[in-house]
Amino acid sequence: MPDLVDRILQGDVRAASQLMRDLDDQIAGAVEELSKLFPKTGRAYVVGVTGSPGTGKSTLTDRLIAHYRAGKKSVGVVAVDPTSPFTGGAILGDRIRMQSHATDEGVFIRSLATRGNLGGLSRATGDVIRVLDAMGKDVVIVETVGVGQDEVDIAHTAHTVLVVLAPAMGDDVQAIKAGILEIADVFVINKSDREGADRTAKDLRSMLELRPKSAAPAWEPPVIKTVATEGKGTQELARALDQHRAHLESHGEKAAREQQRTRSEFLGLLRDRLLAAAVARLQSEHGSLDELVRQIAERRADPYRLADLLASRLTPKERK
Ligand SMILES: Nc1nc2c(ncn2[C@@H]2O[C@H](COP(=O)(O)OP(=O)(O)OP(=O)(O)O)[C@@H](O)[C@H]2O)c(=O)[nH]1
Ligand SMILES: [Mg+2]
């Protein structure tokens, strides 16, 4: 039987699932498999889909899957901390479509519940994206609920960030958080079958106008209205994604993003590994971490000196 890496490179779903599981469980050797895959990655186009809970991210993602599949593109999906889960490419309750994607070899869906794990959201997500990329998926869609740090992480992970909003109730333009304006490449006002969609779109556009303009050639995030449950607006959305991708490629921004993304991933990896090694070292020298923390809290140990001491072992020696 060919080895795991070869099978993944050939797009083998079971091999890919196994590696993802092994990575999750931190099985010895799993990371080595990932590093063997690494040189073969970097081809997939990664789209981040974020927005408040229940705005329709999964339903929209499902529409995008169908769109890309119709164009014979293979698709990977990572749903991070889903509250309304995917089941084989569609939303629970949408049985006919669910079955159609579930048996589609060109679609691979993986849910991740990573909140609270050491190492956090970004690395686990990055690992899964990498495996999907190595499998040859043309497009990888990453769905995250837009809260806190995840928003920033997604901006560092995806080539194109899609922010999904639903029509605002009442007069709360503030519902559009400032941070989201910075990370969005494309806006969707989903649930446009509901009242207030035009106003939300208008409010959003005027907020975008007020933004300080960056240096040319700047990308102006389009605002697209959709009704994901009916598939309305999917074509426009897909076109906007294509345009953003083309924009990235034609202005050298793709390389810049890749650099930024690689940087943040690499630093994250270093942080994880170094922290784990440092904690192991501390424990071997001082007993349990909890005990050490207690000593620090009681002012019996010096956190600065301990941290500096550990770090000094890594500091390059000064050349004479
Ligand atoms: N009226 C209307 N309902 C929609 C639309 N799109 C999605 N919904 C419904 O809104 C609910 C939430 O949709 P999801 O796609 O699960 O939303 P989500 O953003 O993925 O939700 P979380 O992952 O839980 O944050 C479901 O009941 C959908 O059927 C739409 O365009 N119009
Ligand atoms: Mg969802």
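Just the heavy atoms: all of them, side chains too, but no hydrogens, waters or symmetry mates, feed the values below. All ligand and atom numbering here is 1-based and tracks the order in the structure.
- The shortest N or O to N or O distance between T226 and ligand 1 is not below 3.5 Å.
- Ligand-side atoms of ligand 1 in range of P53: 25 (O), range being under 4.0 angstrom from any heavy atom.
- Looking at N190, its side chain does come within 3.5 Å of a backbone N or O of A228 through a donor-acceptor pair.
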Let me see the working for E258 and H159 under side-chain hydrogen bond (donor to acceptor under 3.5 Å, both in side chains), right down to the final yes or no. CA-CA 8 Å; E258 204 57 46; H159 295 112; 3.2 Å; yes

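- For the Mg ion (ligand 2), the set of nearby N, O or S atoms under 2.8 Å includes none belonging to T61.
- At least one cation-pi condition fails for R130 and F38: the charged atom is not both under 6.0 angstrom from the six-membered ring centre and inside a 45 degree cone around its axis.
- At a heavy-atom distance under 4.0 Å, only side-chain atoms of D193, from C-beta outward, approach ligand 1.
- Nearest N/O/S atom of E143 relative to the Mg ion (ligand 2): this is OE2.
- Within the 3.5 Å criterion, the main-chain N or O of R14 finds a donor-acceptor partner in the side chain of D12.
- Inclusion of A228 in the set of residues having an N or O under 3.5 Å from an N or O of ligand 1 is warranted.
- Put simply, the side chain of K225 does not reach to within 4.5 Å of the side chain of T200, judged on heavy atoms.
- Taking each of V49, T229, T61 in turn, the one with a heavy atom nearest to atom 30 (C) of ligand 1 proves to be T229.
- Of the candidates L237, D185, T50, L237 is the only one forming a side-chain contact (heavy atoms from CB on, under 4.5 Å) with L162.
- Listed by number with element, the atoms of ligand 1 under 4.0 Å from a non-hydrogen atom of V227 are 31 (O).
- Defined by atom type and a distance below 3.5 Å, a donor-acceptor pair is missing between the side-chain atoms of H67 and T234.
- Interface of S58 with ligand 1, defined as ligand atoms under 4.0 Å from a residue heavy atom, comprises 15 (O), 18 (P), 20 (O).
- Closest heavy-atom approach to atom 23 (O) of ligand 1 among the candidates R194, E230, E143: E143.
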